[in-house]
Visitor: 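Would you mind keeping the following structure in view while I ask a few things?
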Amino acid sequence: DSRYKLFSQAVPLLSIALLVFLTLRADIFLLKWLAGPKTVGIYSGAFRFVEGFVLISTAYLLALFPRLVACREEAGVFSSMVKRSFVLLAAGGLVSAILIWWVAPYLTEGLLGASFYASGEILRGLAIVLPLIFVSLLLGQILIARSRQHLYALTLIIGLGLSVAVDLWTIPRWGAWGAVVGVWVRESFQVASLAVLTARTT
């Protein structure tokens with residue numbers, strides 16, 4: 001019984017980890033299918049830098065999560081921790097977006113080579129959603145701490161489906177920029193949905 005309980009509790013969390021990975025990577029798979037390897041290279045060159053910043057926020061959330069779980073029954077402490085983390089991640093995402101916006105051409109061309117010049121503008125487009133990604137990951141952790149991981153998983157599934165639908169229309173028309181539009185739509189939906197869900201469960 002204890003093994004079954006452990007397995008049943010682990011599966012939703014594993015599913016969420018896989019969904020987060022798919023959510024961030026689905027655009028690359030669709031680009032390869034709809035636009036070809038050259039466009040994938042342009043987009044991937046920009047995405048590498050965004051992914052690095054996402055890993056930084058993920059590291060913070062990994063350290064935060066045990067504390068969220070430990071104090072989830074203490075409403076005042078839990079709320080204070082969430083608010084401080086929200087401000088920190090939103091501000092960190094905004095600063096990261098501004099920094100990337102200014103140095104994007106130098107990052108892509110200087111580190112990846114002149115053939116990745118077009119990745120600079122794509123990187124700027126992706127940088128805009130960094131604050132949303134950071135906040136989205138935090139809101140998801142709050143739902144998990146409140147044992148509402150099924151709501152987080154459902155939001156990720158819907159967001160992924162919405163992103164795929166947008167990409168199918170935009171990528172054939174705009175190439176790598178079509179994938180950027182898909183990211184904008186997906187992250188805006190996820191932050192709005194998760195904000196409503198966390199407000200109702202906390």
Side-chain angles (χ1 to χ4, degrees), residues 12-28 43-72 77-104 107-108 111 119 122-146 148-149 151-160 162-163 179-180 182-199 201-202:
L13 298 179
L14 177 60
S15 301
I16 286 171
L18 292 174
L19 283 169
V20 170
F21 175 81
L22 283 175
T23 297
L24 293 174
R25 292 284 183 169
D27 303 311
I28 296 176
Y43 183 86
S44 298
F47 180 77
R48 289 176 187 174
F49 296 101
V50 172
E51 193 174 38
F53 281 91
V54 172
L55 288 174
I56 294 173
S57 67
T58 303
Y60 171 79
L61 290 170
L62 286 173
L64 174 70
F65 183 70
R67 298 182 65 189
L68 285 176
V69 174
C71 68
R72 62 182 176 177
V77 178
F78 187 87
S79 176
S80 175
M81 192 177 302
V82 167
K83 288 177 182 177
R84 289 198 303 260
S85 297
F86 179 87
V87 171
L88 177 63
L89 288 171
L94 183 59
V95 170
S96 300
I98 293 171
L99 178 64
I100 289 177
W101 180 271
W102 285 110
V103 303
L107 278 175
T108 54
L111 296 179
S119 297
I122 300 300
L123 179 54
R124 283 180 166 177
L126 291 172
I128 293 173
V129 298
L130 271 176
L132 296 181
I133 293 175
F134 285 14
V135 170
S136 173
L137 292 171
L138 171 64
L139 295 175
Q141 294 294 301
I142 294 169
L143 286 176
I144 295 173
R146 289 291 191 183
R148 299 291 188 273
Q149 52 264 28
L151 296 177
Y152 186 25
L154 181 61
T155 303
L156 290 173
I157 291 171
I158 296 173
L160 180 59
L162 185 61
S163 177
V180 174
V183 173
W184 291 346
V185 172
R186 181 187 69 230
E187 295 303 326
S188 298
F189 164 79
Q190 287 185 176
V191 167
S193 301
L194 291 172
V196 172
L197 291 172
T198 52
T201 57
T202 55

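Basis for what follows: all heavy atoms, side chains included, without hydrogens, waters or symmetry-related copies.
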Visitor: Between R67 and C71, is a side chain to side chain contact (heavy atoms under 4.5 Å, CB included) present by the stated rule, with each step listed?
Guide: CA-CA 6 Å; R67 298 182 65 189; C71 68; 5.5 Å; no
Visitor: So how far is it from L154 CG to L143 CG, rounded to the nearest 0.5 Å?
Guide: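 Separation between the atoms: 11.0 Å.
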Visitor: Distance check, rounded to the nearest 0.5 Å: Y43 atom OH versus D27 atom CG?
Guide: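 The CG atom of D27 is 4.0 Å from OH of Y43, to the nearest 0.5 Å.
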Visitor: Less than 4.5 Å apart, side chain to side chain, heavy atoms only: is that true for Y152 and L139?
Guide: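 Heavy-atom side-chain distance check fails, nothing below 4.5 Å.
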Visitor: Search all heavy atoms of S96 against all heavy atoms of F53 and return the closest pair with its distance.
Guide: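 Heavy atoms only, the tightest pair is OG-CD2, 3.4 Å.
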Visitor: So, for Q149 and L13, which heavy atoms are closest and what is the spacing to 0.1 Å?
Guide: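 Of all heavy-atom pairs spanning Q149 and L13, the closest is CB-CD2, 4.5 Å.
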Visitor: Answer yes or no: are there more than 12 heavy-atom neighbours, outside F189 itself, under 6.0 Å from its atom CZ?
Guide: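 More than 12 heavy atoms, drawn from other residues, nucleotides or ligands, come within 6.0 Å of this atom.
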Visitor: With sequence neighbours left out, which residue pairs that include part of residues 46-64 fulfil the side-chain hydrogen bond (donor to acceptor under 3.5 Å, both in side chains) condition?
Guide: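 Found R25-E51, Y60-S85.
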Visitor: Do you know the tightest heavy-atom contact between A127 and A97?
Guide: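 Here A127 and A97 meet closest at O-CB, 3.1 Å.
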Visitor: How long is the straight-line distance from CD of Q190 back to OG1 of T23, given to the nearest 0.5 Å?
Guide: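 Here the rounded value is 5.5 Å.
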Visitor: Working to the nearest 0.5 Å, report the span between CG of L138 and CZ of F65.
Guide: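 One finds 11.5 Å between CG of L138 and CZ of F65.
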Visitor: Please round to the nearest 0.5 Å and tell me the distance separating atom OG1 of T155 and atom CG of L160.
Guide: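 Result: 12.5 Å between the selected atoms.
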Visitor: Return the minimal non-hydrogen interatomic distance between F78 and A145, and the atom names on each side.
Guide: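 Closest pair (atom of F78, atom of A145, distance): CE1-CB, 4.5 Å.
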Visitor: I would like to know whether V185 and S163 meet side chain to side chain contact (heavy atoms under 4.5 Å, CB included); could you show each step before the answer?
Guide: CA-CA 7 Å; V185 172; S163 177; over 6 Å; no
Visitor: Using modelled atom types only, decide if a donor and an acceptor are shared between the side chain of R148 and the backbone of R146 within a distance under 3.5 Å.
Guide: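 Yes, the answer is positive, given that a donor and an acceptor are paired below the 3.5 Å cut-off.
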Visitor: Would you mind reporting whether L89 and L137 have side-chain heavy atoms less than 4.5 Å apart?
Guide: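 Counting from C-beta outward, L137 and L89 never come under 4.5 Å.
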Visitor: Does some side-chain heavy atom of T198 sit less than 4.5 Å from a side-chain heavy atom of V82?
Guide: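 With C-beta onward as the side chain, the pair stays apart.
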Visitor: In Å, rounded to the nearest 0.5 Å, how long is the span from CG of L156 to CG of L18?
Guide: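 The distance works out to 11.0 Å.
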Visitor: For a side chain to side chain contact (heavy atoms under 4.5 Å, CB included) check, start with the C-alpha distance between F49 and L126, then their side-chain angles and the critical distance, and finish with the verdict.
Guide: CA-CA 10 Å; F49 296 101; L126 291 172; over 6 Å; no
Visitor: Less than 4.5 Å apart, any side-chain heavy atom of V129 and any of R186?
Guide: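 Contact flag for V129/R186 side chains = no.
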Visitor: If you look at every heavy atom in V54 and F134, which pair is closest and at what distance?
Guide: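 Residues V54 and F134, closest heavy atoms: CA-CE1, 4.1 Å.
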Visitor: Looking only at non-hydrogen atoms, find the nearest pair between S119 and A46 and report the distance.
Guide: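 Scanning both residues completely, I find the closest heavy atoms to be O-CB, 3.5 Å.
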Visitor: Give me the one residue out of I98, V50, L99 that meets side chain to side chain contact (heavy atoms under 4.5 Å, CB included) with L130.
Guide: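 Only one option passes, and that is V50.
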Visitor: Applying side chain to side chain contact (heavy atoms under 4.5 Å, CB included), run through M81 and L64 and close with a yes or a no.
Guide: CA-CA 9 Å; M81 192 177 302; L64 174 70; 3.6 Å; yes
